[in-house]
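A note on names: the letters A, B, ... follow the listed sequences, proteins ahead of strands, and every chain is numbered from 1.
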There are 2 protein chains.
Amino acid sequence: MPSDLPLTSRSLPIALLRARESVMGPIRTMLADVDITEQQWRVLRVLQEEGPQDPTRIAHRACLLLPSLTRILQKLGEKGLIDRQPDPDDRRKQIIRITDDGLKIIRNNLTASIQAAERIRAHLGPERYEALLDLLNELNDMDN
Amino acid sequence: MPSDLPLTSRSLPIALLRARESVMGPIRTMLADVDITEQQWRVLRVLQEEGPQDPTRIAHRACLLLPSLTRILQKLGEKGLIDRQPDPDDRRKQIIRITDDGLKIIRNNLTASIQAAERIRAHLGPERYEALLDLLNELNDMDN
DNA sequence: CCCCTTTAATTAACATGTGAAGTATTTTTC
DNA sequence: GAAAAATACTTCACATGTTAATTAAAGGGG
């Protein structure tokens, strides 16, 4: 049954929204089992991959705004997954570090996370997957 | 200065996040002037394009979860931009309709909204723009 | 050294995202 | 035709998104 309705699948903002939902859905489910949100996971991964760093850099690497990150770091601190120390050189800053418990969570879920990414790459095919990333990155360059 | 860090621009979830931010940023700014959020705008557009309908359909068309939509409809009702009536055939349902004031907001911003979309299309070029939409839609089909 | 600006992080206030539970109504099934 | 299952919201609780205001500490002239 054909329709004259404008297809929301041809609206770029909505298509981006849905695509992200499809990609993140399985990962969110996996993380829910260990009571970690998608954003908390991103913060832990940044700390594990790049080492201890200040909140401003974390926010930039994990694509979070500082007010959100402040709350997330509080939660992660309560869970004992991160550690905070004052920066000796600049007392406005802190140095955030992932704890052993935090690393444990990374180790227990990283494999499944990588497999989820590989599944998507396989579904599209490597070339189209890379092409998609290129197109998305080009949208970002528009502002800057 | 080269770096061994994994580029977040090659992470699909983060690339999708940033791309959506680039696309929506200008539109959000435009809507902030009339005190309307991005989500409220989507609801109004759905009602204007497709006519009166029940919340479940609105949620589907505007890509919102029902709990979010409940709150959004309350706000839009308070602003006098929509109207709600009980469905005579099924008392569980309601019929939501956009008001004249709601239509006024659409008219005052639709042109700028369309121009923003055209700007992106022009930046990528029509073929690559369509290719991007195709790739994004393919990600959705993975679940179903 | 003091005033001014900038920067880092937090807090506040409001809106949405998200999963789970609750309520009312309709449909199904035996 | 009543109990059971499904549907259409709504409400709750918690987490994040987003903008603006706030606090504390550095830096930069004069």
Touch class at under 4.0 angstrom, heavy-atom based, for Leu64(A) against every strand present: sugar-phosphate
Sugar-phosphate, base or nothing in reach of Thr56(B), heavy atoms under 4.0 Å: sugar-phosphate
Taking [X] first and then [Y], would you say they form a salt bridge - that is, a charged N and a carboxylate O separated by under 4.0 Å?
X: Glu38(A); Y: Arg20(A); value: yes
X: Asp101(B); Y: Lys79(B); value: no
X: Asp33(B); Y: Arg28(B); value: no
X: Glu49(A); Y: Arg61(A); value: no

Nucleic acid contacts - residues 85-97 of chain A versus DNA chain D, non-hydrogen atoms under 4.0 Å: Asp90(A), Arg91(A), Arg92(A)
Are any of [X]'s side-chain N or O atoms less than 4.0 Å away from OP1 or OP2 of [N]?
X: Gln39(A); N: dG17(D); answer: yes
X: Thr70(A); N: dT10(C); answer: yes
X: Gln74(B); N: dT10(D); answer: no
X: Thr37(A); N: dT16(D); answer: yes
X: Arg84(B); N: dT10(D); answer: yes

Lys79(B) or Thr29(A), whichever maps to the more 5' nucleotide of DNA chain C: Lys79(B)
Which nucleotide in dT18(D), dA9(C), dT16(D) has an atom nearest any side-chain atom of Leu65(A): dT18(D)
Options dA15(D), dG19(C), dT19(D), nucleotide nearest the side-chain atoms of Arg28(B): dT19(D)
Between Asp83(B) and Thr99(B): side-chain donor-acceptor atoms closer than 3.5 Å: no
Check: dG17(C) base within 3.5 Å donor-acceptor of Arg71(B) side chain: yes
